Amino acid sequence: MLALPDPDAGPSPVPLDARGATELIADTLAAASEPVAIIATGPITNVAVLLRERPDLVPRIREVVWMGGSTERGNATPYAEFNAWVDPEALDLVLQSGLRFTMVGLNVTHRALVTTRVRERLAAIGNRTSAFGDELLEFFCRTNDEVFGMPDGPLHDPVAVAVLADPGSVEVARTRLDVELIGSETVGATSVDLDGMLGREPNAYVAVGIDVERFWAGVEDAMARLA
């Protein structure tokens, strides 16, 4: 059994919200003075439920950026990435909604590796945030090496955030994106038609590249600000 870290983060200044995820998103959209961008870093079930139960709020969503899928292989199955594999029907519903949708998949996040040099660079910031982050990244890289034999683990979710925080750091392509719902071996696989072979109308943006140095510079800047 792996030992979990016990960082002394102190009490959280943010109280827990009593609302469920869908209700919280709905209330946030309704209260906002302008359309809101949603960054989903797990299975996209909550967004799909919102679209189904509160279609009146769709105009309040500026866009959805989702960390999941891949233009290549999967990690939950040979073909499917975990966040897509868990609830492909939800992904299909969101794709059919007409919302601006960006997929940030394993093909790009696996280029944002937490190397020893990256950890040293972030730790050198020298504030409490960087010290806490370094402890978490040390545990992450160690366990990633033990489980997957990959000591420099990929940092997935911040790449999705970078799409909005620093658009120039992540390259995206406008293309056709579908998700497999019924394949005996391919349920949850994301079909990305980058070459337009199927002749279908493009319906999504898909991350295809990342400026790794610019990405980590953004992470470094954010950690320096969050002292």
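Model, not experiment: these values are computed from the prediction. Values reported hereafter were calculated over all heavy atoms of this structure, with side chains retained and with hydrogens, waters and symmetry mates removed.
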What one should report as the nearest heavy-atom pair of I39 and A160 is CG2-CB, 4.1 Å

Could you grab the distance from atom CZ of R100 to atom CG of N203, nearest 0.5 Å is fine?
-> 12.5 Å

Given the rule that I, L, V, M, F, W and Y join up when any side-chain heavy atoms are under 4.5 Å apart, are W66 and Y205 in one cluster?
-> no

Are L181 and V192 grouped together when hydrophobic residues (ILVMFWY) are joined by side-chain heavy atoms under 4.5 angstrom apart?
-> yes

When rounded to the nearest 0.5 angstrom, what is the spacing between CG in D145 and CZ in F140?
-> 11.0 Å

If you count the non-hydrogen atoms of other residues, nucleotides and ligands that lie under 6.0 Å from CZ in F215, is the total more than 12?
-> yes

Go through D178 and R200 one step at a time and tell me if the side chain to side chain contact (heavy atoms under 4.5 Å, CB included) criterion holds.
-> CA-CA 10 Å; D178 296 286; R200 298 173 182 170; 3.1 Å; yes

Does some side-chain heavy atom of D157 sit less than 4.5 Å from a side-chain heavy atom of V161?
-> no

Tell me whether L194 is reachable from F101 by hopping between hydrophobic residues (I, L, V, M, F, W, Y) whose side-chain heavy atoms are closer than 4.5 Å.
-> yes

Pair R176 + E201: basic N to acidic O under 4.0 Å = no

Closest non-hydrogen contact found for A112 with I210 is CB-CD1, 4.4 Å

Around atom CD1 of I182, are there more than 12 heavy atoms of other residues, nucleotides or ligands at under 6.0 Å?
-> no

Heavy-atom distance under 4.5 Å between the side chains of C141 and N144, does that happen here?
-> no

N/O donor-acceptor pair under 3.5 Å between R54 side chain and A26 backbone = no

Is the closest side-chain heavy-atom distance between T71 and T190 below 4.5 Å?
-> no

Closest non-hydrogen atom pair, A84 against L91 | CB-CD2, 4.2 Å

From CA spacing to verdict: side chain to side chain contact (heavy atoms under 4.5 Å, CB included), T115, V118 = CA-CA 5 Å; T115 64; V118 164; 3.3 Å; yes

Give the cluster check for V212 versus M223: same hydrophobic cluster or not, with ILVMFWY residues linked at side-chain heavy-atom distances below 4.5 Å.
-> yes

Minimum heavy-atom distance between A80 and A189, given as atom pair plus value = CB-N, 3.8 Å

Point-to-point distance, once rounded to the nearest 0.5 Å, from CG of D193 to OG1 of T175 = 5.5 Å

Does W216 belong to the same Ile/Leu/Val/Met/Phe/Trp/Tyr cluster as L136, with side-chain heavy atoms less than 4.5 Å apart forming each link?
-> no

How long is the gap from CG on L51 to CG on L93, to the nearest 0.5 Å?
-> 6.0 Å

Would you give the length of the straight line joining atom CD of E81 to atom CD of E72, rounded to the nearest 0.5 angstrom?
-> 13.0 Å

Taking atom CH2 of W85 as the centre, does the number of heavy atoms from other residues, nucleotides or ligands within less than 6.0 Å exceed 12?
-> no

Here the pair of heavy atoms bringing D152 nearest to T116 is OD1-N, 4.1 Å

State, without any angle test, whether S169 and D211 hold a side-chain donor-acceptor pair at a distance under 3.5 Å.
-> no

Under 4.0 Å between a Lys/Arg side-chain N and an Asp/Glu carboxylate O for R121 and E213?
-> yes

NZ/NE/NH1/NH2 to OD/OE distance under 4.0 Å, R19 and D27 = yes

Taking the side chain as C-beta and beyond, is there a heavy-atom pair between P88 and E180 under 4.5 Å?
-> no

Between P43 and N83, what is the shortest heavy-atom contact and its length?
-> CD-OD1, 3.3 Å

Less than 4.5 Å apart, any side-chain heavy atom of V172 and any of T102?
-> yes

Side chain to side chain, L137 and L155, heavy atoms closer than 4.5 Å | yes

Is any side-chain heavy atom of D87 less than 4.5 Å from a side-chain heavy atom of E89?
-> yes

Start with the C-alpha distance between R214 and D166, add both sets of side-chain angles, then the distance that settles side chain to side chain contact (heavy atoms under 4.5 Å, CB included), and finish with yes or no.
-> CA-CA 9 Å; R214 181 167 170 171; D166 183 17; 2.6 Å; yes

Distance in Å, D134 CG paired with E120 CD, rounded so as to fall on 0.5 Å steps = 9.5 Å

Derivation of the side chain to side chain contact (heavy atoms under 4.5 Å, CB included) call for L50 and N46 | CA-CA 6 Å; L50 175 79; N46 290 329; over 6 Å; no

Which of these passes side-chain contact (heavy atoms from CB on, under 4.5 Å) with I38: V94, L99, V65, I61?
-> I61

Beyond-backbone contact of M150 with L113, side-chain heavy atoms, under 4.5 angstrom = yes

